[in-house]
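All remarks here apply to the structure that follows.
Each chain gets a letter, A, B and so on, in the order the sequences are listed, and its residues count up from 1. Note that the structure is predicted; figures quoted are calculated from it, not measured. Computed over heavy atoms, backbone and side chain alike; hydrogens, waters and symmetry mates excluded.
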Amino acid sequence: MDEIRSNKIKEIEEIRKLGVNPYPYAFDVKDKISQIRERFNNLTNGQKDESASLSIAGRVMAVRYQGKSIFFVVQDSTGQIQGYLNVSVGTDKFEFFKDHIKVGDFVGIKGFPFRSHTGELTVFAADYQLLSKAIRTLPEKWHGLTDKEKIYRQRYVDMTVNRESFNRFKSRYEIIRMIREFMNDEGFIEVETPILQFVTGGATARPFITHLNALDIDMYLKIAHELYLKRYIVGGFDAVYEIGKCFRNEGIDYKHNPEFTMIECYRAYVDYNYMMDLTERLVSYVIEKVNGTTKIEYQGKPVDFSRPWKRVKMRDYIKDHLGVDILEDPDDKMIKILKDHDALPEIMERGHYIEKLWDLVEDTITNPTFLLEHPVEISPLAKRHREDPRVTERFEVIVLGNELANAFSELNDPVDQRERFEAQAALRNSGDKEAQMMDFDFLRAIEYGMPPTGGLGIGIDRLVMFATNAATIKDVIAFPLIKPENFDKSGMEIEE
RNA sequence: GGGCCAUUAGCUCAGCUGGUAGAGCAACUGACUCUUAAUCAGUAGGCCGCAGGUUCGAAUCCUGUAUGGCCCA
């Protein structure tokens, strides 16, 4: 416990002795700061509007004492405004403010607006109330909080003092609301699926393992929404979507967080062509809503989300860039190219060669591009292409070398699906921990019959990164995964 | 996984070839009735990330380690 905090705690006792509750229960907030700024923008220097009775609340971000008057800055969720207080509030209240209202505290202000001689729109505090006393000091106003580690560990401070961070999270949740509205208007119903699963699938990824005490059995955290959403389609839902967390026990870097948010949607009686159209409309809608245009700049690079997006076939793209045909050339040729690029996969299987070959060329794509028709062996849940059974009716959306979306005409042939699962199981048995698990219940479900269905998944975090020009996924996840600061041997966190 | 960088007061940072740890802001005391990085005078605040080593002496040099960042795979 440092000196500043122990002094503040003593001060709180003094405040209580003065008969003031440092932590009262509520305040009747009637106005938002941004609205006050708009409403009284026409006040001229020195002009006041005593007829307007304002009531605001927020955090004190600066205080400037000026003898028998005090200027201060209040911040609410919409912005900041200057407050002004002088002895007209009453001697006791004036002295109390001077002695005990400090940067970081929350206050409620009742008063009227005026514009100072120097042109600052200000709320004259006819009365005020302390709403919460802080015992830690905020970072200084000039440099703010810049230490990345502190920004992630103490996001509440980052949000408070770095308003661009606060606004980025506001945008994130506006985007999620937009997506919901868009999907609802499109006729989808929002549903839920289990996070705790005995068998998990729908993606090529390593899951988290947890333990269910009640049954004394290990379980997985979901890696995708897919297989349960398709069960809804089997059960008769026409169109469903879910926005929720998925968990993958893999690396952490600027584009991966172990838990992340994904929207997946499934619609009966459509194929991947519908999903391409839907993806284009949804993503360009979000980008335009947030930025006012579909031609944005991401981290200094121009990206054009305007429709229609380019379409390329995976086979053609790799052939054009690396001179190898992923459908017809033998494994040896692929291995040689991978060796030349020092990019051999850990698991020596054809599917992994193809993935690695794609990794070598994906960075050459900048504008949103539909990557089409992935080979069957890397797409165990996608339906075979109607014209070429070696590939699937699948697409990914690639933006600046990053996968933003993944979709296909869903495989609903239960015999083919069983064979695909068996191929995955064989990979799993040979040590591929990311290969998909055999899901007998899912097979049983589609054996009862699943209509032709189109499915789509979009990474919400990635989309928000593009929409808000965020450099890393940690900037769009409010509380990203970061190693704990201090743990003792029992695993309990120690305070500072 | 590899490389580079950072870690010093609540925050942002100085601290040179090794010689008793500094500033600004914040905090605390006081002055000031239109300030806005307010100003002015004063006070207090440090396990120099952690552990070893070299040395008469280490924030500084060396080794290891932790955490974070950036780049590469």
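Side-chain N/O atoms of A/Lys483 include none lying less than 4.0 angstrom from OP1 or OP2 on B/rA66. At B/rC25, none of the side-chain N or O atoms of A/Lys141 fall inside 4.0 Å of OP1 or OP2 (strictly under the cut-off). Within the structure, a side-chain polar atom (N or O) of A/Thr146 is placed less than 4.0 Å from OP1 or OP2 of B/rU12. Phosphate contact (OP1/OP2 of B/rC34, side-chain N/O of A/Gln66, threshold under 4.0 Å): present. Considering only side-chain N and O atoms, A/Lys102 lies under 4.0 angstrom from the phosphate OP1 or OP2 of B/rC28.
Separation of the P atoms belonging to B/rU29 and B/rC71 is 46 Å when rounded to the nearest angstrom. Separation of the P atoms belonging to B/rC72 and B/rA9 is 32 Å when rounded to the nearest angstrom. If you take atom C1' in B/rC61 and the same atom in B/rA73, they sit 33 Å apart, rounded to whole Å.
In the interface, the side chain of A/Ser116 is paired with the base of B/rU35 through a donor and an acceptor atom under 3.5 Å apart. Taking 3.5 Å as the limit, the base of B/rU33 and the side chain of A/Tyr84 contain a donor-acceptor pair of atoms between them. Side chain A/Glu140 to base B/rG24: a donor-acceptor pair is found below 3.5 Å. Interface remark: the A/Glu149 side chain does not form any donor-acceptor pair with the B/rU7 base, using a distance-only criterion of under 3.5 Å.
Few gaps surround CG on A/Asp218; more than 12 heavy atoms of other groups in view lie less than 6.0 Å from it.
A donor-acceptor pair shorter than 3.5 Å can be found between the side chains of A/Asn469 and A/Gln299.
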